[in-house]
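The analysis underlying the following values was restricted to heavy atoms, covering all of them including side chains, and did not include hydrogens, waters or symmetry mates. Counting starts at 1 for both ligands and their atoms, following the listed order.
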Amino acid sequence: MAIKNEYLAEVYAGLAARNAEQKEFLQAVEEVLESLEPVVEARPEIQAQGIIERLIEPERIIMFRVPWVDDAGKVQVNRGYRVQFNSAIGPYKGGLRLHPSVNLSIIKFLGFEQIFKNSLTSLPIGGGKGGSDFDPKGKSDNEVMRFCQSFMTELYRHIGADTDVPAGDIGVGAREIGYLFGQYKRIKNIYEGVLTGKGLSYGGSLARTQATGFGLCYFTNEMLKANGKSFEGAKVVISGSGNVATYANQKATELGATVIAMCDSNGYIYDPNGIDYTIIQEIKEVRRARIKTYLEFVPDAQYVEGGNIWNVPCDIALPCATQNELKLEDARVLATNGCYAVCEGANMPSTPEAIAFLQENGILFGPAKASNAGGVATSALEMSQNSERLSWSFEEVDEKLHGIMVNIYKNCAAAAEKYGMPGNLAAGANIAGFDKVCEAMLAQGVC
Ligand code: NDP
Ligand code: 2IT
């Protein structure tokens, strides 16, 4: 794969030269620019107004020291990031990731993809992302609190309900959002919806916890239906066992599937009778333990330490852990085992080679920007509720989420069709997401 359009190829070459070491960011940009070739060719004003050059350069990058004191009294220092990528259609919006692998490349790829994802939701949110190389694993609640307070002590001056609204991502859930919110309020003396994914007692939205996983299944369901298939009776493999994976399990099961395998970074569990998501909740949200603990609840299940979850034969695969976790070889194994749909819950979980293989071999493919947009969409619904100082019922939020995911599917399918790539939802998502951002950037002049 390579970018053929001369203008786009030149812009990409310049970006690659300036950011040679940022491989995840370059991977994300290349994938989008490839999809945009027909759009750029049809609309000369994109090149004339430097839309692509502006789109790939973040509006602002903030990097900062995060010093904190561990339980043994030792000073620790992490690096914090917030990349405010694009505010053409609304305040910057996107999660915070706490994981030792976090670096500028990862935050930039996530922030870049967030622009298109957020546009697809049809809600007024721009793109951003942040995080730190802090590893919450094995840390006490007090250590996590001190880290979060230190992180917010710098971040607070760059965010706000109408400026930039962070949320959760890997390693950031209800506990972390609570500590971050408390510190923001304390420093700024403003009680506002500056974060989403908040607890229900202080401005959170019902169904935000479930939203990414539920939304993923709503999107997958549309894709399956359009191709004469369904979750009913299907065997599903879900990688990861965090927020997205857990609630994808719940919804897939409710829709009639059996979730037979899930994992964490140590290994996978296999349970042909179906993995009960409430056990995963107990293990991950309450005990903060490893997935092998599942055997304490279901002794008949299997645990494969260090195993590759994509070797488990399934009908539908939902990668919900992390970037580049599903490689070409995994795609081949899935195809050989009869898998007919891969839909992404994580961000950029499939490598470009894996995606190309799936598409060439007629396996339905749902791209992350579209299929996992339910989380951020519901975050935007949380922002609406905060603005009107009301909270909506679970059913109301879930129904809106469902409508948004159906709409995203339709828009991606229509955009792919319009540009002569029927069924290519990955290209459709990039084109449909780009459309609104491009309109707004054109209207707002060179800025
Ligand atoms: P969590 O921290 O709740 O869970 C992450 C899960 O993925 C854990 O099971 C973790 O295992 C596994 N994992 C993370 N990194 C790795 C790695 N390097 N190798 C193997 N396994 C790994 O995060 P979320 O569920 O929130 O996020 C999962 C994915 O979904 C991410 O790509 C995120 O960007 C994306 N996403 C999240 C949204 C949200 O609303 N939370 C919205 C849209 C996308 P372990 O515990 O062993 O590290
Ligand atoms: O990748 C994502 O869309 C998220 N982590 C959720 C972002 C948000 O603002 O809810």
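- Proximity of N347 to ligand 2, defined as any heavy-atom pair under 4.0 Å, is confined to the side chain (atoms from C-beta onward).
- The distance from atom CD1 of I404 to atom CD of E399, rounded to the nearest 0.5 Å, is 11.0 Å.
- Ligand 1 lies nowhere less than 4.0 angstrom from a heavy atom belonging to E325.
- Checked against the 6.0 Å centroid threshold, Y92 and F85 do not count as a close aromatic pair.
- Taking any N or O of K137, backbone or side chain, at least one lies under 3.5 Å from an N or O belonging to ligand 1.
- Between N372 and ligand 1, not a single N/O pair is under 3.5 Å apart.
- Summary of contacts: the protein heavy atom closest to atom 13 (N) of ligand 1 is A321 CB, 4.0 Å.
- If you look at V244 next to ligand 1, the close heavy atoms, those under 4.0 Å, come from the backbone and the side chain alike.
- At a heavy-atom cutoff of 4.0 Å, ligand 1 is contacted by the side chain of R208 but not by its backbone.
- Interatomic distance, CD1 of I355 versus CE of M348, reported as 9.0 Å (0.5 Å rounding).
- The heavy atom nearest to atom 1 (P) of ligand 1, considering only G375, G242, P349, is found in G242.
- Taking only nitrogen or oxygen atoms, main chain and side chain alike, N243 reaches within less than 3.5 Å of ligand 1.
- Polar contact check, N347 against ligand 1: a nitrogen or oxygen pair lies under 3.5 Å apart.
- Not a single N or O atom of N266, backbone or side chain, sits closer than 3.5 Å to an N or O atom of ligand 1.
- In summary, of the residues considered (T293, D264, N243), a side chain to side chain donor-acceptor pair (under 3.5 Å) with K284 occurs for D264 alone.
- Under the 4.0 angstrom criterion for non-hydrogen atoms, K129 is in contact with ligand 2.
- When heavy-atom distances to ligand 1 are checked against a 4.0 Å cut-off, C320 comes that close only through its backbone atoms N, CA, C and O.
- Among the atoms of G171, some N or O lies under 3.5 angstrom from an N or O of ligand 1.
- Here the CG atom belonging to L364 is positioned 9.0 Å from the OH atom belonging to Y340, to the nearest 0.5 angstrom.
- Assignment of R97 to the shell around ligand 2 is not supported, since no heavy atom sits closer than 4.0 Å.
- Annotation: K117 places no N or O atom under 3.5 Å from an N or O atom of ligand 1; distance criterion only.
- Considering both main-chain and side-chain atoms, G168 comes within under 3.5 Å of ligand 2 through a nitrogen or oxygen pair.
- I291 places a side-chain heavy atom less than 4.5 Å from the side chain of I280.
- In this structure, Q323 falls outside the shell of residues with a heavy atom less than 4.0 angstrom from ligand 1.
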